[in-house]
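Every number for a ligand or one of its atoms is a count from 1 in the order of the listing. When reading the values below, keep in mind they use all heavy atoms of this one structure, side chains included, and skip hydrogens, waters and symmetry mates.
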Amino acid sequence: MTARVLDGKAIALQIRHEVQLEVAKVIEATGKAPCLAAVLVGDDPASQVYVRNKEMACHKAGIGSQLFRLPAETTTEQLLSLVEQLNNDPSVHGILVQLPLPKHIDERRVLDCVAPHKDVDAFAPENVGLMSQGRPRYLPCTPHGVMQLLHREGIETAGKEVVVIGRSDIVGKPLVSMLLQKSGPCGESNANATVTCVHSRTPNLSEVTCRADILIVAIGKANFVTAGMVKPGAVVIDVGINRSGDSIVGDVDYHAVKEVASAITPVPGGVGPLTIAMLLRNTLEAFRVAQLKMTT
Ligand code: NDP
């Protein structure tokens, strides 16, 4: 069997186009455009690329963007003060603090300082709580991208055995939460999964992963998942981004697993582009939240 390749890039473009059309409508209705403020501390090359891509994507969607570049020596207090300023700026609807922050900065304090209604990454405890109760304000971008990818490729999760490798707050845990809900952004057929989450302390990992109808991998280890860890005919979603020289590889041994799976995401061109698309959607949503706040 050779797996169908799931084209995340094409789906991301489709979502971005949908957002662009909705943005045009809100601009026409309100005379204002949604605006995303991105904060970049230090000169990590990968972060610079991510932030530039996000700015370009905003521009194409008709969303305004502001970039705040701070030197690597910035203190936690200085960063907190900028975030507070953005929290109080009515022309800013979404705030994104690009991670990772330099080690001396208290990342948790900074993320907790972002006003929940401007928290387009959906990291704030209030937003995580709302999501886990099945009434999300914003959905975290990468997990939501995975859900949209599955849905738009016609892959249902209801009643399926889904195994998620990785339990980070950014990818693994929110994915588990979204898959477990009775319904979600893509309806009941793309929720209601039987979910198992495995991590570095899970013994006999392959025994668990081989049960998966859908295997989602987010660990940050190049080519970690081999063909022997995948049930024949499973759908494999690779969230991993690992730099290998000049190129990028996923957490899945793509060429080997492609011969076992029924569908697989490539890296690059799989989940990655969806993260930005969902960030744009959240920024539009944040604009709507702000408009609603003004009228109530
Ligand atoms: P983290 O490092 O925060 O978490 C990694 C998780 O993988 C942890 O739960 C860890 O377990 C688990 N893990 C590590 N090694 C193993 C192992 N040998 N066996 C089983 N589990 C293991 O990573 P993130 O979740 O932030 O990111 C994961 C990957 O996804 C990275 O490559 C990252 O670059 C990529 N990513 C891609 C995005 C996109 O837009 N496509 C967005 C965000 C991330 P434990 O908790 O026990 O330590």
Side-chain angles (χ1 to χ4, degrees), residues 6-13 15-16 38 44-54 56-57 96-101 103 107-108 111 120-123 128 138-150 162-179 195-212 215-226 228-230 236-244 247-254 257 264-282:
L6 304 174
D7 190 348
K9 207 169 162 184
I11 293 172
L13 283 174
I15 294 172
R16 284 169 62 167
D44 176 57
S47 295
Q48 309 243 16
V49 173
Y50 290 142
V51 167
R52 198 165 50 242
N53 289 345
K54 286 168 187 172
M56 271 167 15
L96 177 149
V97 180
Q98 184 63 45
L99 302 179
L101 290 169
K103 294 226 174 328
E107 187 171 295
R108 176 46 66 201
L111 295 181
V120 284
D121 269 328
F123 291 159
V128 175
Y138 306 121
L139 290 164
C141 302
T142 303
H144 189 190
V146 171
M147 301 303 286
Q148 289 288 343
L149 175 78
L150 290 170
V162 181
V163 174
V164 178
I165 317 186
R167 56 174 165 181
S168 71
D169 290 339
I170 295 176
V171 188
K173 275 190 215 155
L175 254 174
V176 169
S177 178
M178 290 172 77
L179 287 158
V195 193
T196 307
C197 186
V198 296
H199 43 78
S200 69
R201 305 289 292 269
T202 304
N204 306 321
L205 201 70
S206 299
E207 270 177 30
V208 186
T209 59
C210 278
R211 292 205 313 255
L215 180 63
I216 306 177
V217 193
I219 58 176
K221 296 218 156 98
N223 302 319
F224 179 85
V225 171
T226 56
M229 296 169 75
V230 176
V236 178
I237 306 294
D238 189 352
V239 182
I241 299 177
N242 308 287
R243 268 154 228 292
S244 165
S247 58
I248 286 173
V249 295
D251 290 345
V252 174
D253 183 352
Y254 180 75
V257 172
I264 189 167
T265 53
V267 177
V271 175
L274 282 151
T275 300
I276 291 189
M278 303 329 295
L279 174 71
L280 300 178
R281 174 146 290 292
N282 279 353

Should one rank Ile276, Val146, Thr275 by closest heavy-atom distance to atom 39 (C) of ligand 1, which comes out on top? Thr275

Closer than 4.0 angstrom: is that true for some heavy atom of Gly172 and an atom of ligand 1? no

Minimum heavy-atom separation for Pro273 and Gly8, please, with both atom names. CB-O, 4.3 Å

Identify the closest protein heavy atom to atom 25 (O) of ligand 1: which residue and atom is it, and at what distance? Ser168 OG, 2.5 Å

Roughly how far apart are Ile248 CD1 and Asn242 CG, rounded to 0.5 Å? 9.0 Å

Among Val171, Ile165, Asn242, which one puts a heavy atom closest to atom 27 (O) of ligand 1? Val171

I need the Cys210 SG to Leu205 CG distance, nearest 0.5 Å. 9.5 Å

Any heavy-atom pair between the side chains of Val217 and Ile219 that's under 4.5 Å? yes

I want to confirm something. Looking only at heavy atoms, which of Leu274, Thr142, Leu99 is nearest to atom 38 (C) of ligand 1? Thr142

Among all protein heavy atoms, pick the one closest to atom 13 (N) of ligand 1 and tell me residue, atom and distance. Ile219 CG2, 3.7 Å

Closest to atom 46 (O) of ligand 1 by heavy-atom distance, out of His199, Lys173, Arg167, is Arg167

Qualifying residues under side-chain hydrogen bond (donor to acceptor under 3.5 Å, both in side chains), relative to Gln48, sequence neighbours excluded: Arg69

Nearest-0.5 Å distance that lies between atom CZ in Phe123 and atom CG in Asp169: 8.5 Å

Given Gly220, Pro268, Pro273, identify the one with the heavy atom nearest to atom 31 (C) of ligand 1. Gly220

Flag the pair Arg201 / Arg167 as yes when at least one side-chain heavy-atom distance between them is below 4.5 Å, and no otherwise. yes

Contacting atoms of ligand 1, where contact means under 4.0 angstrom from a heavy atom of Phe224: 17 (C), 18 (N), 19 (N)

Among Ala222, Ala46, Gly250, Ser200, the residue with a heavy atom nearest to atom 47 (O) of ligand 1 is Ser200

So, does Val198 sit close enough to ligand 1 that a heavy atom of it is under 4.0 Å from the ligand? no

Quick test of your reading of the structure: of Lys221, Arg243, Met278, whose heavy atom lies closest to atom 14 (C) of ligand 1? Lys221

Atom pair CG/OH of Asn282 and Tyr138 - distance to nearest 0.5 Å: 7.5 Å

Reference residue Val257; test side chain to side chain contact (heavy atoms under 4.5 Å, CB included); the match among Val230, Asp238, Asn223: Val230

Starting from atom 34 (O) of ligand 1, locate the nearest protein heavy atom and write down its residue, its atom name and how far away it is, to 0.1 Å. Ile241 O, 3.4 Å

To which of Ile248, Val239, Thr202 does the heavy atom nearest atom 36 (N) of ligand 1 belong? Val239

